[in-house]
Amino acid sequence: MMSGNEAIAQGALESGIGFCASYPGTPSTEITASLFKFTEKYDIYVEWSTNEKVALEAATGASWAGIPALCPMKSLGLNVASDFLLNMNLSGSGKGGLVIVVCDDPRGHSSSNEQDSRFYAKAAQIPLLEPSTYQDAKDATKYAFKISQQFEVPVMVRSTTRLSHSRGLVETGKISKRKKRAGALPQRLYNVPTPHLRHRDLLVKMERIREEFETVDLNINSNPKHTDLLVISSGVSSLYVQDALQFLNSMNVGLLNLVTTYPLPKKSVSGLLEKTNDVLFVEEIDPFLEDEVRMLSGDLKKSPRFHGKRTGLIPSFGEMNTDIVRKALSQLNGTKAELPTPTPSMGRELLVKRPLTFCAGCTHRNFYWAIRKVKKRLNEKLVVAGDIGCYSLGVFYDEAMNTMQAMGSGIGVASGLGQLERFGFDSKVVSVAGDSTFFHACLPGLINARHKNANLTFIVLDNATTAMTGFQTHPGSRYQEQALRRVRIEDLVKAVQPDFYATADANDTKGLIELLHSTIIKDGLKVLLLDSICRLDEDQRDSTLTDVHFKIDADLCRGEKCRICFADFGCPAINWSSTSNQAIIMDAICVGCGACVDVCPHDAIKEERLS
Amino acid sequence: MREPFNILVAGVGGQGNLVCGRVLAEAAIQQGLRPVVGDTFGASRRGGSVLTHLRIGTRDWAPLIPQGEVDILLGLEPMEALRAAVEYAGKRTIALVSLTEVPTANVNSGERVYPPLTKVSASLAEHCKQVYMLDAESALLRAGSPRALNSFLLGSLSALTENPLSQDLIRKALYTTLGRDTINVTAFEEGVAALHQ
């Protein structure tokens with residue numbers, strides 16, 4: 001059994017890849033993570049790059065030199081890599097073969113937005129494949145390499161969360177152990193002085209690829225001679241369509257499951273459009289395929305009626321599922337009886353949500369606790385421009401973080417806010433980033449802030465690993481694999497020459513409040529590097545503290561009147577006991593960090609050393 | 001067997017949802033069937049609600065079970081079982097639910113109240129065809145570890161006549177996935193016994 005992501009990695013291995021460069025991001029991370037296991041066995045080079053643009057540039061370099069290369073990333077990663085993509089597409093990807101995998105996240109389960117990345121394939125005029133099943137995920141990846149090698153264009157494979165993160169059976173093929181040899185680069189790996197002619201040549205290639213797509217057996221067309229309704233679907237949505245159809249026996253429905261969605265195989269699609277009265281589009285996120293087919297229908301003698309996101313029959317946001325398709329089919333069919341019976345709401349009122357929160361002992365909580373205190377001291381005149389990582393949860397922690405957009409945006413936004421005193425902006429400006437994010441996209445913003453003398457405090461919460469996505473190594477990681485050389489955040493920050501720089505222990509809540517306060521009220525560009533700890537990473541490395549534990553002194557605890565430790569500070573290891581009317585520390589969850597000791601205004605939390 | 005046969009596992013991150021899905025999928029493969037397992041990632045690490053959708057049949061079914069189509073609901077936690085039942089249970093659903101509560105952070109802090117178990121099970125009964133509320137806690141004490149809840153519930157599921165997978169194959173799949181240590185073996189057999197008490 002393989003997840004969609006593992007199947008994509010398997011497809012790449014069977015295609016004989018030699019190079020993979022990537023930046024971690026849910027739901028794409030496991031593609032690269034599973035290739036890391038085979039570096040020696042199949043002689044492949046795999047790296048976690050500093051960001052997706054660097055990853056795509058590195059992978060392209062390999063492909064130019066004749067080494068087949070894979071570049072997996074999440075939706076937002078392609079935004080970062082797009083600048084390079086929209087140049088390299090015109091120059092071509094060379095003989096090696098280059099496949100970009102982008103995993104979109106409908107509903108934004110693990111993303112800061114909901115984005116359909118297929119438009120990049122159209123913007124860059126490169127071929128796009130959307131596998132539906134686990135087997136497809138492997139087969140489409142292999143086909144993507146074949147097309148890329150044949151036409152020397154990068155090919156995009158698009159997955160979505162449910163395909164990437166669910167598992168099914170996959171038949172595997174042989175993985176070649178052939179030695180890969182890098183050769184000379186092709187000529188003219190630039191578009192000047194005639195980018196327009198390069199564009200023209202790419203369009204010619206894309207027409208030839210369209211011809212190829214007309215006959216490829218990845219596209220499945222199960223179609224009776226005449227249909228009342230043709231359902232056109234792509235990606236994992238095709239499985240929801242097949243599910244929904246089992247509830248509807250009465251209808252004469254044709255199915256077209258397209259894997260090659262750009263460029264659209266015009267002839268075969270047109271042929272089917274002429275034989276049906278109605279068409280329903282089922283796809284994830286935007287009406288990409290729907291619009292392509294609608295454009296095509298302008299050239300037809302007789303056009304069917306179209307239904308989908310453009311007509312409001314299918315929602316234009318959120319994840320697809322069988323129930324949405326079932327409802328749409330019933331409405332088209334006029335058979336309301338076949339709709340699922342609405343679930344009684346009975347019981348819903350009993351449910352208590354499980355809110356996301358920082359882990360027990362996470363030093364990010366200490367930081368935000370301190371920020372909240374400083375904010376109070378400054379009469380709320382403090383703005384925190386945040387960034388992407390575990391510490392993004394700061395937006396849920398009494399809204400201690402005010403803005404959270406893209407990787408590296410915290411320092412960029414702050415460098416703008418830090419210029420606004422001239423317009424009467426009277427809040428102090430703080431920007432927050434994690435260590436992996438610092439390397440990914442914070443350097444240009446930080447340099448801009450220095451160069452322009454922005455008035456702000458930039459705080460790096462440095463737990464020395466990519467915690468959110470599962471502890472991938474980055475340039476500043478505490479633990480580096482062999483042959484990797486650590487790059488220290490401190491050295492880079494000092495080179496930028498901030499007006500004030502200090503480091504501190506993020507486990508010392510009391511000291512943190514004072515340091516943050518005194519730094520934030522200073523003028524100039526100030527940088528704080530906080531030595532932070534990810535407890536999950538520690539746990540993984542089995543280095544958790546075990547020799548101390550903490551107790552609450554019942555005589556000193558003010559209980560219900562206070563509530564600071566369990567409600568305000570909100571460590572999951574501190575509970576309220578209604579039987580004894582006091583706060584209690586749950587030894588099974590407590591990691592023994594002691595951050596709560598200074599949080600208690602009544603000195604009721606005591607450390608006990610185990611002998 | 002009904003095509004597809006749908007099993008939904010509901011719990012809290014860290015309770016062993018992933019293992020349940022893995023074991024049952026392995027048993028299905030050994031029985032010559034095609035499983036598809038849809039997991040929730042991300043939030044699971046941080047104590048959020050997690051669901052595993054398992055669909056067993058002769059072809060790849062979609063990774064999410066449609067509303068009302070759950071055949072067996074495996075509840076590792078009572079309120080999570082109810083949360084899943086409200087969304088997905090239907091006329092055929094048989095629920096096997098551990099009685100042991102995992103309180104939420106806002107319950108611990110006194111902001112919210114965990115719903116009374118009597119109300120949870122009454123509401124589950126309204127959503128499902130049949131509900132078994134199982135005392136896993138005392139059984140797991142006998143087995144020697146509260147972490148073997150998934151083995152216990154897999155045992156109960158394997159003893160259910162409506163379950164299409166062979167008990168032997170589930171047992172074997174559990175051993176290959178988690179190892180054949182005494183705790184998991186005892187928890188599994190306790191689960192088998194618990195269903196018929």
Side-chain angles (χ1 to χ4, degrees), chain A residues 1 3 26-27 109-110 132-135 161-163 165-169 236-244 246-247 319 321-323 326 340-359 390 393 468 470 536 560 563 566-567 570 572 574-576 578 586, chain B residues 3-4 12-13 21-22 25-26 29 34-43 45-49 53 55 59-69 79-80 82-83 85-91 102-116 119-120 122-124 126-127:
Chain A
M1 277 190 106
S3 68
T26 319
H109 289 283
S110 311
S132 299
T133 64
Y134 317 95
Q135 186 69 43
T161 304
R162 296 292 173 182
L163 177 65
H165 280 178
S166 62
R167 305 156 58 80
L169 289 173
V236 74
S237 297
S238 302
L239 291 177
Y240 299 126
V241 172
Q242 289 171 41
D243 261 31
Q246 59 153 345
F247 299 109
E319 277 195 296
N321 63 44
T322 302
D323 298 310
R326 202 172 160 188
T341 41
T343 346
S345 64
M346 163 74 191
R348 244 177 235 276
E349 73 285 353
L350 294 175
L351 301 172
V352 181
K353 271 198 180 147
R354 292 192 186 271
L356 295 184
T357 178
F358 301 111
C359 305
C390 291
L393 286 173
M468 189 87 193
L536 291 172
E560 190 67 52
R563 302 171 58 88
F566 59 90
I574 312 178
N575 283 4
W576 168 249
S578 46
M586 314 282 286
Chain B
E3 167 91 20
V12 179
R22 229 152 252 215
E26 176 61 26
I29 294 171
R34 254 189 116 80
V36 165
V37 190
D39 284 316
T40 332
F41 280 35
R45 277 180 173 279
R46 288 162 183 81
S49 305
H53 295 245
R55 317 204 60 195
R59 67 164 175 86
D60 284 350
W61 290 88
L64 296 175
I65 301 171
Q67 273 175 26
E69 293 295 313
M79 187 168 63
E80 292 314 317
L82 179 59
R83 202 188 307 279
V86 167
E87 292 300 325
Y88 296 102
K91 283 177 247 161
V102 178
T104 66
N106 42 13
V107 164
N108 287 336
S109 67
E111 290 162 62
R112 296 290 304 265
V113 179
Y114 192 95
K119 282 197 176 171
V120 173
S123 184
L124 273 168
E126 292 220 351
H127 289 282

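Throughout, a chain's letter reflects where its sequence line sits, starting with A, and its residues are numbered from 1.
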Interface moiety of A:V352 toward chain B, non-hydrogen atoms closer than 4.5 Å: both

Top contributor to chain A contacts, counting heavy-atom pairs under 4.5 Å, from B:I65, B:D60, B:V113: B:D60

Would you mind reporting whether B:V102 and A:R354 have side-chain heavy atoms less than 4.5 Å apart? yes

Top contributor to chain A interface from B:V107, B:N106, B:I29, B:V120 [non-hydrogen pairs under 4.5 Å]: B:N106

Between A:S3 and B:V37, is any pair of side-chain heavy atoms under 4.5 Å apart? no

Could you tell me the separation between the CD atom of A:E319 and the CG atom of B:L64, rounded to the nearest 0.5 Å? 6.5 Å

Locate the shortest heavy-atom distance separating A:L239 from B:W61; write the atom from each residue and the value. CD1-O, 4.1 Å

Among B:G21, B:A25, B:A62, which has the most heavy-atom pairs under 4.5 Å with chain A? B:A62

Heavy-atom side-chain proximity of A:R563 to B:E111 below 4.5 angstrom: yes

Under 3.5 Å, is there a donor on one side chain and an acceptor on the other for A:R326 and B:Q67? no

What verdict does the side chain to side chain contact (heavy atoms under 4.5 Å, CB included) test give for B:E87 and A:R348, after you've listed the backbone C-alpha separation in whole Å, the side-chain angles of each residue and the deciding distance to 0.1 Å? CA-CA 9 Å; B:E87 292 300 325; A:R348 244 177 235 276; 3.0 Å; yes

The interface call for A:S166 against chain B, heavy-atom contacts under 4.5 Å, is both

For B:L124, which atoms come within 4.5 Å of any heavy atom of chain A: side chain, backbone, both, or neither? neither

Could you state the interatomic distance from CG (B:D39) to OG1 (A:T161), rounded to the nearest 0.5 Å? 13.0 Å

For side chain to side chain contact (heavy atoms under 4.5 Å, CB included), just list the numbers for A:R167 and B:R22, CA-CA rounded to whole Å, side-chain angles, deciding distance to a tenth of an Å, and then say yes or no. CA-CA 9 Å; A:R167 305 156 58 80; B:R22 229 152 252 215; 3.6 Å; yes

For B:P35 and A:M1, the nearest pair of non-hydrogen atoms, with its separation, is O-CE, 3.4 Å

With the side chain counted from C-beta on, respond yes when B:P63 and A:H165 share a heavy-atom pair under 4.5 Å apart, and no when they do not. no

How many angstroms lie between CG in A:L351 and CZ in B:R83, if you round to the nearest 0.5 Å? 5.0 Å

Exam field: side chain A:R162 to backbone B:G38, donor-acceptor pair closer than 3.5 Å: no

Evaluate the side-chain proximity of B:R112 to A:K353: yes if any heavy-atom separation is below 4.5 Å, no if none is. no

Results of ring-ring contact (aromatic ring centres under 6.0 Å, His included) for A:F566 - residues two or more places apart only: A:W576

Could I get the full list of side-chain contact (heavy atoms from CB on, under 4.5 Å) partners for B:S123, not counting sequence neighbours? A:M346, A:L350, B:L82, B:H127

Highest number of heavy-atom pairs under 4.5 Å with chain A: which of B:K119, B:E80, B:E26? B:E80

Side chain, backbone, both or neither of B:E69 within contact of chain A (heavy atoms, under 4.5 Å): side chain

